[in-house]
Every structure is written in C-alpha cells, then in structure tokens.
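Working notes, structure below.
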Amino acid sequence: MRRWWTWGMVIAGGALMTISYFFLAAPWGEDTVANSDPRLEFAPLLFVIGVIVAFSAAVVYELMPDRTDE
Amino acid sequence: MTKYAMVVDLNRCQGCRACMEACKVENNTAEGVFWMHVFRFETGEFPDTRQSYLPRPCMHCDNAPCVKVCPVGARYKREDGLVLTDFERCIGCRYCELACPYGVNYFNWRKPADSYFLDWGDTDIQAATGGAIPPYRNPDLDEPQGAERRMTAGGGHHKGVMEKCTFCVHRVEKGMLPACVTTCPVAALRFGDVEDAASPVSKFLREHEHFRLLEETGTEPSVFYVGGNPPGSETRQIETIEVGV
Amino acid sequence: MLSLTRRRFLQGSAVTAGALAAHRWLFGGLETLARADPLAQGPPVEDMFPTTCWIGKQDCGMLARRIDGRVVKFEGHPGNPRNAGTLCPKGQAQIVSIYDPNRVKTPLVRTNAKGQKGEFRPTSWDEAITMIADQVNEVRARNPKLVLWQKGRSKAKDFYDDAFVKSIGCSKLGHGAYCSDAGYRALEYTIGLHGVQHPDFQNVDYLLAWGWNITNAGGNKFCWLTWPRQMVVARERGMKIVHIDPRLRSAGPFADKWLPIKPGTDLALALALCHELVNQGYVDTEYLTNYTNGPHLVGEDGLFLTETVGEGDEAEQVPIVWSASADGPVRADQASQAKLDGTYEIDGATYRTAYQAFTEHLAQYDPDWAEVVCGLDAQQIRQVAREFGEHARIGSTTVVDGVQIPYRPVSIMSYHMAQQELGFQALRAMTYVAMLVGAVGAVGGMFSDFEWKIHKNYAAFEELTVGDPPYDYMLNKSKYFPINTGFPGVVAKVMLDPERYEVEELPEVCILHMVNPVAAFPGQAEIMASYEKFRFVAAITPWLSETADYYADVVLPAATIEKYEGVISASDGILDAKTLRLPPMEPLFESRGEIDIYLDLTEAIGTLFGDDGYLAVVNSELKLEGEFALPLDRKPTPREIFDRWARSQGLEGGIEYFERNGVWVKGLIPPEKRYGYAADPPFGGALHRIYGASLLAAQRQMQSKGADEIYWRDYTALPTWRAPTMESSPAEYDLYLISYHMIEHKQSRTGMVPLLNELAPHQRVDMCPRTARRIGVAEGDEVWVESHNAVTAETRRVKTVVALTEGIRPDTVAMPHHYGLWSVPESSDRGPTPNAIYPTGEGYMANTADQSFHVKVRVYPANGGDEA
Amino acid sequence: MAVRTTTPGLPYGVGRLTTAWKAFVAIAAAVVALGLYAFLREVTQGMRVTGLRNLGTGGGATWGLYITFVVYFIGVSFAGITIAALIRLFDLRHLRPLARMAEVLTVVALVLGAFAIVVDLGQPVRGVINLFRYARPQSPFFGTFALVLAGYFFASLVYLYLGSRRDAATMAREPTRLQGLHRFVAAGYGDTPAERERHRRASFWLALAILPLLVIAHSTLGFVFGLQIGRPGWYSALQAPGFVVLAGVSGIGLLIVLAAIVRRTCGGEDCLTERVFAWLGRFLLVLLLVYVYFLATELLTGTYAAGEREVDVTRQLLTGDYAWIFWASVALLVLPLGVLAWQALSRRWSIGLLVASGVAVNLAAIGKRYLIAVPSQTHGQLLPYEAGSYAPTWIEYAVVAGLLALGALVIALFMKFIPIIELPDESREEVTADA
C-alpha cells in the first residue's frame with residue numbers, strides 16, 4: 001500500500017514534469033511564431049506541481065500510518 | 001508569403017537623424033529612447049579622415065536572441081519577419097536587452113507621463129489636447145496588431161516593460177511604410193518584402209553588394225546595408241547622443 | 001480606447017478608485033490615449049490637412065495628421081517638389097512647438113527696467129496694439145525713418161510685413177548681413193543674378209563644394225533638404241565632389257577630395273585656381289569675348305576707355321574695345337571680333353583689355369603662393385584646377401528640350417562663403433573660376449538663380465554713389481559702405497557712437513519681427529548696448545526671445561505653424577510650384593498669425609485703409625487687381641487675402657484648392673528661363689563683369705571724401721588678396737574660430753524644442769586631437785575659448801566643452817552657431833553661443849558691411865581659478 | 001527516556017528568547033522594513049530610482065546589484081543541501097549536527113533568491129503570474145525559475161521537514177508552549193525502528209535524487225549568462241561549472257560562519273567539534289583550489305585568443321573601472337586559500353580563522369557575481385557605442401540589505417522553534433559509549 005502510493009506519486013510527478021515541460025509548455029523547434037505561447041496556459045505551473053508531487057512522495061512514504069504489522 | 005526587411009543605403013545616408021525624430025514622434029517614445037539610432041563614425045587621422053553614418057533600427061533577426069531568451073514569450077517573431085514585444089505580457093526582466101548584440105532594446109524606466117520633456121499638465125495645453133500625453137499621442141499604438149491581436153510595444157508605454165523598434169507595425173499593416181523610411185530626405189532607407197522577388201527591395205539587393213551587422217553572431221538580421229563597411233575596431237563615434245534619463 | 005472610457009467611468013466612485021489603484025499597481029497602469037472629448041464615442045476622427053513647414057528655411061510641404069482635430073504628426077507632402085513627402089529632423093520635431101507650454105501665451109507689458117531679465121504683466125491685445133501704435137505715431141509725426149522694423153527669419157513671401165513697412169514708411173533692417181548678402185551683392189555685381197553659386201545638379205559632373213555644409217545646412221535658395229536630394233542622385237550618376245572647407249564633417253562621406261583650407265583664405269585659393277586655369281589654357285574665349293567685359297579697354301587709371309553717346313539726359317558712356325577686323329578701337333556695341341587680350345596704343349596712351357589686366361593681375365597668385373596662404377598642397381590645387389578644366393569640356397554643346405546649349409558640367413556650390421572679411425571679393429573671384437571655362441548659365445554649369453532674371457542692383461552698381469554726411473543710421477550711400485544692404489552690427493556701432501560715423505538722427509522705436517539679435521547676431525555686447533538706446537521696443541515672437549526678455553516694452557505672442565502665410569515657392573529648381581501655409585488648428589493660447597497682427601497694428605496706426613495704405617500695398621505686392629483686389633475700406637481676414645490671390649491666379653475654388661491639394665505645381669521651368677545661354681537676350685542682356693571699374697571709381701570717391709583705408713581698401717576692380725585683419729592678433733591667439741550650422745538646430749530659433757535638444761543638447765568646441773594634446777585637454781573637458789579683436793585689442797571669452805574630431809584643421813576650432821539662450825527654461829544652460837565672442841564692425845566685416853565669422857582665439861583649460 | 005542536553009528545558013535554546021536575540025530580531029526587522037519601503041518606491045515610481053539604465057545609447061547596465069544577489073543567494077543554497085545529502089549518502093555521522101542548519105540555509109537562500117528576482121522585475125506582480133502562466137523551457141531563465149526555485153526549493157523543504165520530525169517528537173514530550181507545534185511537526189513520529197529505517201531509506205533516495213538536480217540547477221543559472229553570444233565575457237562553456245563551484249565556495253563559507261555562530265549562541269560546543277570545522281575547512285579548500293584554477297583559465301581565454309571586445313572587457317576587469325573589485329575579490333579568494341592550506345597541512349584548525357575565511361570567500365563571491373553581470377554590459381557592446389557605467393542607488397542597497405536581514409530573521413526565528421542542531425540519539429550515545 002505504502003509502496004503503491006509512493007511509487008505512484010513519484011511516477012505521476014515525473015510524468016507531469018515531463019509532459020508539461022516537453023509537450024504542454026511553449027513548443028520547441030523552428031515554428032517561431034507559435035513558440036511564444038505555451039500549448040497550454042499555466043503549463044509551467046503543472047511542471048512545478050509535478051515537482052511537488054514527486055517529492056511529496058517521500059513525505060507520504062514516511063507519514064502514512066501502518067495499517068497492519070509487517 | 002511576406003517577409004519584411006529594411007535596406008539602408010549608406011551611399012546616401014546623410015546622418016541627419018530625421019529618421020530618429022520621425023520614430024520618436026510616430027511612436028511617442030519617451031526621453032532618451034531611440035528605437036532608431038544613427039551612429040556618426042570617424043576613422044583615420046587628419047587629413048586622411050573618413051566619416052560615415054550608420055542607421056541602427058531593430059534588426060528584426062530571423063534567429064533572434066531576444067525571442068529565444070524571453071522567459072514568458074512576450075518577445076515574439078511574426079510570420080512576416082517582424083520581431084515584436086507583447087507589452088501586456090512582458091514582465092520587465094530585461095533579459096532580451098542583454099541577449100541582443102545590437103543594443104536596440106529600450107526599457108521604460110519610469111511612468112510615461114514623467115518622460116516627455118515638457119510639462120504637458122499645463123492647463124492651457126490640456127484644454128487643447130484633452131489630456132493626451134504626449135500631446136502628439138498616436139492612437140494606433142493602443143490597438144492590438146496582427147493575426148495574434150497582440151499589443152505590440154509602443155502603445156501606452158507601460159512603466160517597467162521592454163520596448164523597441166516595431167518597423168512601425170501599425171503603419172505597415174495599413175499598407176504604409178515605417179515612419180523613418182517615409183521621412184528620409186535622401187531615400188537612404190528602403191522597406192519591403194524580400195520574399196517577393198519582384199519587390200523594389202529585392203531588386204535593389206540583387207543589384208547591390210550588401211552586408212548585415214554582426215553576422216558572425218548568427219542572428220540573421222532582416223536589415224541589410226548597401227555601400228560602406230561594417231564598423232571596425234578603429235571606428236570612433238562622433239557627436240554621440242548623451243541621454244539624461 | 002475602451003480601457004480609457006472604462007477608466008473614466010471607474011473614476012466615478014471612491015471605491016472603484018481604490019480598485020483602480022490596485023489594478024494599476026498590479027498591471028503597471030496601462031496608459032491609453034485620452035481623447036480630446038473624453039465622452040466621445042466610436043473611433044477617433046482622423047484626417048490629413050495640408051500645410052507647410054514653419055521651423056526651417058524653405059517651407060517644405062507637409063500633411064498634418066489630425067486626430068479629433070488635434071495635430072499628432074507632420075508628414076512630408078508627397079506632392080511638393082521640394083521635399084516629395086520627406087522631412088528633416090526639425091520638420092519632424094516641430095510638432096512639440098505647437099503644444100509648447102513655454103510659448104508666450106498672451107500679450108505682455110514690461111513692468112521692470114530694461115537691460116535685465118524681464119518682468120511682464122499679461123494684457124489684452126487691444127491695449128498692447130494701442131501702446132505700439134501710439135509710440136509709432138508719435139515718432140512718425142517727426143520722421144517715419146526713426147521707426148526701425150527689424151526682421152529675422154524670412155518666412156514665405158514678405159508682402160504682409162513689407163506692406164507694413166511701406167505703409168508707415170519706416171526703416172527696414174534684415175538679417176542678410178549675417179547670411180549671404182555679400183555673396184548676393186557679388187553675384188549681382190558680376191553676373192546680375194540675385195543669389196550665390198549653385199550647380200545644375202541634373203548635369204554637373206565635377207563640383208567644388210566650397211564651404212557648402214552638405215550634410216547639415218542649406219544652400220543657395222533651398223534649405224538642407226532639397227539640395228542633398230539632388231546631390232545624392234548626381235553622385236550616383238558619377239558626379240565628383242571636391243570639398244573645400246576647414247571641417248570635413250560638413251561633407252562627411254560625400255567628399256571625394258577634401259581641401260582643408262585655412263579659414264578666410266578662399267579668395268587666395270580662387271585666384272590660384274584662376275591662375276592655373278589660365279596657365280593650363282582652360283579658357284572659354286568665346287564666352288569671355290562675347291558675354292563679359294573682358295575685351296573692354298582699360299586705361300592706366302584703371303578705368304574703362306569710354307565714348308559719350310547722345311546728348312543731355314540721353315548721354316551714356318559706351319566702352320571701347322579693340323577690333324581685330326578694324327585693327328583699332330571700336331565702340332563695344334558696334335565691334336565685331338573684339339580682342340579679348342592684348343595691350344594697345346591709342347593716342348600715345350597704353351590701354352589693355354580688362355581680361356589682359358585680369359591675367360596680369362593673376363600672375364602673382366600661383367599655387368605655390370596659395371599653398372602658403374591657404375595651408376593647402378600646391379599639387380592638389382593644380383590637380384583640382386586641371387580636373388575642373390578637363391571636366392568643363394570647353395567648346396562642347398548639348399540639346400535640352402530641343403534647344404542647343406553650351407555644355408560645361410563643372411560648377412561651384414557655395415552658400416555662406418560670403419561670411420568673411422573678404423567675402424565680397426572672394427565670391428567674385430570664385431565666380432571667375434566658373435566664368436573662365438564658360439560654365440556660367442551653361443548646362444551642368446554654375447547658376448545663382450532658377451530663372452535668368454537680372455536684379456536691379458546690376459545696373460545700380462554701374463555707378464556707386466558715395467554721398468556726403470550727415471548719413472542715415474544705416475550708413476546707406478556713405479563713404480564707409482557704398483555697397484550696403486543694412487547691417488545691424490553697423491547700426492549698433494552707429495547708435496553707440498553717432499558722431500564717429502557722422503550720423504545725426506538715431507532710431508527711437510524698434511519693432512522686432514521674429515528676430516532675436518541678442519542671441520543670433522555676433523558682436524553680442526554691442527548689439528545689447530544698442531538696444532538700451534531705443535525708447536520703445538515691441539517684439540512679435542512665439543517664445544520670449546532673449547532680446548524681448550531684456551529690451552521689449554511690449555511682447556506680442558505670434559502663432560507658430562497654426563496660421564496663414566504665403567505665397568511660398570515650392571519649386572525645386574526644375575518644377576515651378578507654389579504653396580501656402582494653412583493653419584492645421586486654431587492658434588493656441590491667445591497667439592495670432594503675423595498677418596492678423598499687422599492688420600490690427602496698421603488699423604490702430606491709421607494706415608490700414610486708403611490708396612497708399614496697408615491694403616493697397618498688399619494688393620500691389622500680390623498683384624491683386626480688378627475683381628480680385630482687396631477693398632480698401634474693409635479689414636479682410638488672412639484667408640480672404642489668400643483666397644483672392646488664388647483666384648487671381650486662376651485657381652478653381654480659390655484657397656480651397658490649397659486646402660484640398662496643398663501645393664500647386666505649375667510645370668517645368670523651360671530651358672530658355674533656366675540657362676543663361678538660352679535666355680533671350682543671352683544672360684538677360686547683362687554683360688558679365690570680370691573687371692569691376694565702378695568699384696575702383698567708388699574707392700577713389702571714398703578716398704576723396706576722407707574715408708579711412710580700412711573702408712576703401714577692398715573696393716578694387718579686380719579681387720585682390722590681403723591678409724585678413726584677424727591675422728594681426730598676437731601670436732598666443734594661435735587658433736582660428738569658425739562657426740557652423742547643425743542639422744538638428746536652426747540658428748537660435750530651435751533652442752526651445754526639446755526633441756531637438758535631445759539630439760544636440762549643448763554647445764561644444766570641435767578640435768583636432770593633436771591640438772587638444774598640445775593644449776592638454778581631452779574629450780568633454782571644459783575650456784575657455786577666448787577671442788581677440790585685432791583692431792580694438794579687446795578680448796572676449798566663453799566656456800564650453802571639447803569635442804574631438806580628426807575632421808578639422810589642427811589650427812582651427814569650430815563651434816555650432818546655436819545655443820547661448822536663457823529666456824525659455826528648455827533652452828537655457830546649454831552652453832554659450834560663439835556670437836558672444838565674435839567681434840563685429842571694422843576688421844570683422846566685409847567692405848559691403850557684412851559680418852565676418854572668422855576670428856583668432858586661444859583655447860585653454862577651464863580648470864583652475866583663472867576666472868579673471 | 002530523557003534526552004541529555006547541555007541546558008535545562010528545551011535543547012539548544014529552543015523557546016528561550018534572550019535579550020540579545022530580541023535585539024537582533026528587532027534590528028533585522030527594521031532593516032527588512034527599510035528594504036520593503038525602498039521596494040515600494042521602486043514599484044510606484046518605476047525602476048528609474050535604481051542605478052540601472054539601458055545598454056547602448058543609454059550608457060548603463062540593465063542588470064546590476066539585484067541579479068548579482070540572485071546568483072549569490074542561489075549559490076549559497078548549494079552548500080546546505082550538498083552537505084546534507086553527502087551526510088546521508090556516505091553516512092558521515094560526525095557531521096550530522098551540521099545537517100539541519102545546512103538545510104535551513106538552503107531553504108532560506110532559495111527564498112531570498114526568488115525575492116531578488118522579483119525585485120529586479122519591472123512588473124513584479126505580473127512577473128509572478130506570467131512565469132507560472134507562460135514560462136518557456138527554451139529560455140535559460142526558465143531553468144533558474146522552475147528547476148532551482150521550485151524543484152530544488154521543494155526538495156530541500158521536504159528534506160528539512162522529514163529530518164525535523166524526530167526532534168519535534170522528542171521535544172513534544174516536554175510540556176511547553178511549543179508542545180502543540182512540535183506535536184504537529186512530529187506528525188505521530190514514534191521513533192520506532194521501522195520509522196527510523198523508513199526515514200533512513202527516504203533520506204537516502206531523496207539525497208540521491210537531489211544531487212543531480214543540484215548540478216543541473218546551478219548549471220542552468222550559469223547558462224543564463226553563458227549562452228549569450230551577444231555579450232563578450234559571458235559566452236563561455238566554463239560559466240556553468242564555474243557557477244557550480246563558486247556556489248559551493250560561498251555556500252560552505254557561509255555554513256562555517258553560521259555553524260560558528262550557533263556554536264557560540266546555542267551551546268553547540270558538545271557536538272560542533274573542531275573535527276566538524278576541520279572537515280568543512282578541507283571541503284572549502286578543495287572547492288577553492290578548483291575555482292581558482294577556473295579563474296585562471298577564464299582569464300587566460302579572456303586575454304589570450306579572445307575577440308577584441310572580449311579583451312576589452314577583460315582589460316576593464318584587470319586595469320579598468322572594475323579593477324579594484326576584481327583584485328579585491330581575487331585577494332579574498334587567494335588569502336583564505338593560503339590560510340586554509342596552511343591549517344590543513346599543520347592540521348591545526350582555528351575556528352576564528354575559518355570564520356574569517358568564510359566571510360572573505362563570501363565577499364569575494366559577491367564581487368565575482370557583480371563582475372560577471374555588469375562589465376559585459378557597460379563595456380561589452382559589439383557595436384561601437386560609448387562605454388557605459390553603473391552605480392547602484394541607495395534604493396538597491398536598501399532592498400538587498402532588506403533581503404539579507406530577512407534571511408537572518410527567518411533563521412533566528414527557526415532556531416527558537418526547532419533545534420538548529422539535530423539532537424543526539426541513542427545510536428550516537430552507543431558510539432561514544434564504545435569509544
């Protein structure tokens with residue numbers, strides 16, 4: 001359970017970072033006109049949220065109360 | 001497809017700085033701001049002295065460093081080659097100014113109302129102008145431009161945002177020439193579509209040898225110079241503009 | 001627009017004011033355009049209204065872009081031949097002048113003593129006008145000439161101010177003596193045209209740009225903008241420019257060859273060039289024989305051998321020439337094959353032709369001699385002479401519009417060359433350079449006007465009358481200045497010491513029309529002292545000029561561009577065109593156009609109506625006759641005056657034609673009018689004077705009436721070199737000071753335009769780096785520039801900053817002739833004007849009473865306490 | 001089980017407000033207020049109140065003191081997290097007393113860094129909004145903003161928090177005004193072996209995740225300058241590594257100073273032993289050596305084969321307007337280097353000298369950051385503009401002082417809630433018992 005959550009958040013956070021950074025933020029490449037606008041507004045915010053989620057995993061990992069004795 | 005470019009004929013330029021003045025009035029730029037600047041140069045020693053002039057608008061680079069570094073995409077490049085500043089998005093970090101090797105960016109260091117030479121608050125003036133500051137205020141600058149409908153630098157002259165030469169986008173979109181080009185008494189400035197092989201500028205460029213400034217930096221400027229030489233290490237500036245802003 | 005109306009709406013309640021403040025703080029306070037009428041809905045009303053430039057010299061055509069009736073920008077008028085849609089920096093910047101809060105807003109009356117910073121009280125137009133009228137009438141009753149009307153800038157046709165002068169019969173004083181008058185007189189004397197040298201840019205191949213400030217100032221007839229337009233095209237055609245000037249900057253990159261001549265030695269160079277042209281055989285004998293007084297026989301007394309023809313009043317002196325066919329003396333008007341050169345015996349007396357005298361006179365002036373005098377390289381002088389002669393293609397002709405005309409594609413462009421002690425003679429000698437190769441009035445050759453109209457002075461100068469004292473205060477027809485156009489510097493000296501000049505009556509009332517002598521004229525000290533002497537001074541000016549500030553009893557606020565003025569020539573020398581200045585908006589404040597002012601003033605004086613009144617003169621000046629004539633019993637509006645003029649010219653709709661089109665292009669100037677050779681009679685019938693006998697005659701009269709040498713020494717038949725007076729200053733005054741015009745300013749009249757001050761903020765002294773090293777100063781250092789008057793041993797100095805350039809002779813320093821203002825806050829603290837250290841009067845003016853802008857100075861660091 | 005501490009009540013002065021402390025806090029608060037006032041003036045009147053001006057015809061520098069301190073603060077943050085991470089990774093038990101103050105230093109420095117960026121913006125509020133809204137990965141600025149200020153900051157925060165739980169739990173047993181807070185922070189930490197094990201593991205992986213982040217973060221900061229071909233003196237591959245190392249130097253330097261202060265004021269003599277300082281000293285020495293080497297190579301390239309404008313800028317540093325700052329900074333780097341080397345060789349470490357070195361290298365760091373930012377603007381124009389000049393106004397000094405004071409204030413407050421030194425635990429006792 002604890003592991004599930006932890007890894008879940010790490011992966012989710014990482015995914016969010018990757019996606020927002022590479023696909024939702026201002027596009028890369030030659031298309032000069034387009035790339036002044038992010039594909040999705042507030043994509044950078046998503047990136048930051050991704051960071052937060054990923055690192056929060058550690059908190060969850062430690063704070064999650066034990067259900068049953070291992 | 002259109003791609004605008006400016007061609008400066010250094011064989012004609014008289015260094016009179018009328019273009020600078022036309023720019024200032026057309027775009028209502030504040031004290032100490034020269035979106036168009038004309039260098040006056042000198043080389044050699046008496047009596048073998050050579051003097052020359054070099055107008056310096058924004059280069060509207062195809063590979064514009066300012067566009068690259070802008071953290072929020074306020075500085076953008078248009079399909080038609082114009083490099084503009086969305087002054088409603090600009091956060092005033094001035095990174096573009098540092099990235100630009102030509103020194104064409106001008107930041108609004110203070111409130112526009114404080115930056116226009118004289119006291120336009122004068123009641124008699126106000127009565128005549130309805131409070132426009134400056135009194136020669138150009139309404140076009142307050143309108144969004146282009147397909148993007150973005151407020152290009154020039155409008156209300158925000159405090160704390162970056163601005164620069166827009167190739168007079170508000171005129172160009174009306175089918176007019178930039179103010180500097182129109183006013184040049186000796187037609188040293190030319191402007192037009194370089195994608196269109198039949199356009200006068202394309203033709204002129206084909207017929208004349210030309211160079212661009214600081215090509216080694218790979219910025220691919222849209223401003224071409226015909227005649228004369230790029231400034232070298234022995235080039236001295238004379239009659240420099242001293243700005244007290 | 002929207003956000004504006006929102007803002008205005010928000011300002012309704014205090015609550016939303018807070019919200020607004022927050023919004024502004026958050027988003028940086030977007031300032032949007034305030035409309036003339038804040039409640040106006042919909043997009044602003046925009047239009048383009050034609051008018052003409054007001055700030056510069058030549059009144060370029062303009063379109064005023066108006067938003068809701070407010071002017072926001074001036075564009076060049078595309079249809080105006082002079083500027084074809086373009087404008088110079090001043091033309092662009094003048095928009096600020098309209099809205100300048102520093103303008104004189106109401107008529108002012110002085111409340112403190114003169115000779116100091118003025119204190120004024122605002123008053124009504126009526127009171128101001130009445131005060132002036134009373135003063136004028138009081139003096140007019142005794143002697144109208146004691147009213148002095150003084151004019152600075154010439155804007156448009158001067159009918160409305162001339163009419164004032166004529167209708168009240170007062171004296172008129174212009175500013176030409178500081179401009180190019182000596183040159184105008186020289187050309188009127190030599191070829192009969194009113195103007196100085198300029199080329200036929202459509203055809204010229206080789207141009208001597210002689211002191212022509214190509215990149216910064218105007219030229220003959222046009223201001224800066226039009227000449228360079230033609231010059232750059234000519235260069236692209238292959239024209240070469242030889243730049244003769246102590247400063248390179250005036251030609252910048254356009255000098256193909258630079259002759260950095262020593263200031264004040266242009267006469268020497270001109271003579272040397274003539275010497276070379278003659279020696280190398282570049283002489284157009286056909287022209288010289290047929291169209292100049294070269295063949296006329298000159299006796300040992302230096303005067304022409306003449307024969308009296310006719311009796312009594314009909315009697316006239318006809319010069320004699322030596323006829324080759326008759327091999328004897330023959331009347332010039334009957335001679336065939338007159339000999340151009342040679343010395344001949346007639347009744348035991350020897351005579352030589354004027355041309356012979358000229359060439360013998362030239363013998364002393366070879367390039368090696370000039371090398372020393374002018375500080376140039378003799379070889380370079382020879383080369384220029386050769387190239388000039390070669391390019392002249394003597395003997396060739398070409399066809400223009402079906403007319404065959406001699407083709408001499410070499411010319412001279414000189415404008416303010418006359419502003420030197422030897423100006424008059426220098427300009428004559430320079431004209432000879434063109435005359436020797438027959439380039440005057442030829443295709444591609446030397447011009448001085450656009451139509452071959454002979455000026456009345458040509459005939460007048462045949463007999464120079466030297467009258468007896470007492471003289472009038474302008475010293476007209478005096479033993480001091482037989483040729484004299486009216487020189488404020490002389491008037492000042494006369495007013496300070498009338499006995500010395502044998503003058504009895506001095507002017508008492510002065511009306512300053514758009515003129516600022518205190519700041520704009522050299523000899524500042526004398527000028528200022530002289531205005532103390534006026535009993536009453538009235539000034540018509542848009543800004544409080546320094547002269548008005550110190551000496552005006554009444555100041556009338558003149559409008560800037562927002563007024564009617566005209567008629568204005570829009571010709572570019574090729575097309576003939578006319579335009580008017582139309583007000584793009586109502587005059588701001590209580591200011592008014594000059595025409596309105598003079599209508600009221602003459603009405604108050606009582607000279608507006610009637611057969612020799614103001615309106616009558618206006619009618620004659622504008623040639624308003626019959627139905628177009630102004631009725632002489634009703635005060636017209638300026639618009640009506642120009643409407644009648646326009647209709648008299650056959651223009652549909654009268655003034656509305658100009659309100660619609662801005663400019664009236666009449667068509668090409670035909671070759672018969674442009675080219676002297678093609679004119680009928682050729683050159684307008686004026687025989688070109690290569691030998692000035694009447695000058696010599698005048699000199700003898702002056703001597704006989706006891707004038708000092710300093711006055712008569714330059715009245716010589718042939719231009720004769722002598723060292724300028726300044727050369728006798730002590731050795732420590734080791735530098736020449738010259739002044740020049742910057743493109744960013746216009747004399748003293750743009751000092752209050754902030755947009756221009758931004759480009760050229762303050763005074764400076766241009767100096768060669770090696771000179772600076774010698775003096776021990778660097779770029780930007782403060783220095784004293786101290787001038788020395790070689791006649792009075794007086795010294796004057798000003799403090800300014802060093803500007804280094806390799807484009808100036810090491811023995812010369814230069815200062816822009818602008819700045820030195822103090823009355824308008826915007827214009828003050830921008831450094832001194834060189835006029836404060838230029839001496840005026842004897843030794844520093846030409847023999848024609850025209851100011852010299854040359855003086856010896858020393859320059860030394862201002863650091864240290866030598867405030868002595 | 002009672003925790004042995006050198007003082008009665010809560011350990012390391014937690015919860016005890018001495019007059020000296022109060023005075024310090026009062027002064028700091030006052031300076032913060034001053035800085036805030038200066039900043040508000042800047043916001044209302046525009047940045048004209050600063051000494052910054054446009055490049056080129058403006059004849060000034062558009063980035064100045066603020067950016068200098070952005071770079072400096074973020075540099076400082078380096079130290080904390082590195083030390084902490086190293087301690088976890090290599091289980092350097094004797095250094096554990098340093099861990100928390102290091103972490104606090106990091107978090108605070110990052111906050112100040114963020115603020116320093118904001119005060120440099122012409123449109124501060126809009127800046128905060130638009131960066132989250134439009135920030136472009138293509139802009140080196142993005143790296144600084146997103147990676148450093150977000151990721152890096154949050155990582156350190158988590159780190160700090162998890163590390164504090166145990167001490168919070170320990171103190172929560174004492175019935176004090178802070179009990180509630182400590183309970184909350186402890187979040188039910190029972191110090192069971194399982195929990196300890198989990199904490200050990202979590203910290204290990206965090207540390208592992210942070211170290212690369214760290215390098216990236218400081219490199220991107222370097223790229224902000226290093227990628228600009230248009231600025232002589234900036235365009236250099238060495239910028240990034242240079243930034244990382246100088247960051248370390250300033251960070252460790254400041255950590256030494258902080259540790260010394262804590263040792264003096266919170267009675268940490270028992271655990272902040274000379275051994276700890278010696279280790280810091282050696283670490284600083286190594287980083288210094290590396291940096292001085294970079295400096296030399298940088299100078300060489302700047303003078304030797306460089307373009308004419310590069311040389312121009314370098315000349316300004318060596319002999320021109322900026323020479324005094326440059327040589328002062330160099331001295332402040334080389335002298336400590338000597339001192340530290342001597343101490344390392346003689347194996348005798350004086351905390352006083354270490355603190356002096358720490359202060360010195362930090363001044364040097366600030367100087368160097370300034371020299372990276374400014375001269376390339378005033379003397380680095382590629383077109384022949386006149387050389388410019390830049391002098392900060394009192395507004396800028398006040399704002400910067402305010403930021404520094406803010407940092408000091410936060411740390412001072414923190415010390416009164418959570419012990420700035422990790423409490424010793426049984427494992428440590430066992431170690432000492434065995435010894």
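Chain letters run A, B, ... following the sequence lines, proteins first and then strands; every chain starts at 1. This structure is a prediction, so every number in the text was calculated from the model and none was measured.
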> Please walk me through it: do B/F107 and D/L52 pass side-chain contact (heavy atoms from CB on, under 4.5 Å)?
Replying inline: CA-CA 10 Å; B/F107 185 71; D/L52 300 167; over 6 Å; no
Is [X] in contact with chain D via its backbone, its side chain, both, or neither, using a 4.5 Å heavy-atom distance?
| X | value |
| --- | --- |
| B/F39 | side chain |
| B/L214 | side chain |
| B/S233 | both |
| B/C100 | backbone |
| B/L213 | side chain |
| B/R236 | neither |

>> For chain D, which candidate among B/A74, B/C90, B/P65 shows the most heavy-atom pairs at distances under 4.5 Å?
In response: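 The option with the most such pairs is B/C90.
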> Can you list the steps and then say if D/Q123 with B/R89 is a side-chain contact (heavy atoms from CB on, under 4.5 Å)?
Replying inline: CA-CA 10 Å; D/Q123 293 281 344; B/R89 185 184 296 185; over 6 Å; no
> Do D/T62 and B/E97 meet the criterion of a side-chain donor-acceptor pair at a distance under 3.5 Å?
Replying inline: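 Yes.
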> So, D/T57 versus B/Y106: side-chain donor-acceptor pair below 3.5 Å or not?
Replying inline: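 A donor-acceptor contact under 3.5 Å links the two side chains.
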> Would D/D120 and B/R94 count as a side-chain contact (heavy atoms from CB on, under 4.5 Å) if you check the C-alpha gap in whole Å, the side-chain angles of each, and the deciding distance to 0.1 Å?
Replying inline: CA-CA 9 Å; D/D120 189 54; B/R94 310 185 298 289; 2.7 Å; yes
>> Once rounded to the nearest 0.5 Å, what's the spacing between atom OH of D/Y385 and atom OG1 of B/T240?
In response: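 The distance works out to 12.5 Å.
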>> Using heavy-atom distances under 4.5 Å, tell me whether D/Q377 contacts chain B through its side chain, its backbone, both, or neither.
In response: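 It is the side chain, since no backbone atom gets that close.
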> Do B/N105 and D/N54 pass the side-chain contact (heavy atoms from CB on, under 4.5 Å) test, and can you show the C-alpha distance, the side-chain angles, and the key distance before you say yes or no?
Replying inline: CA-CA 8 Å; B/N105 289 280; D/N54 282 321; over 6 Å; no
> Of D/L131, D/I129, D/V125, D/V128, which meets side chain to side chain contact (heavy atoms under 4.5 Å, CB included) against B/I91?
Replying inline: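 It is D/L131; the other options fail the test.
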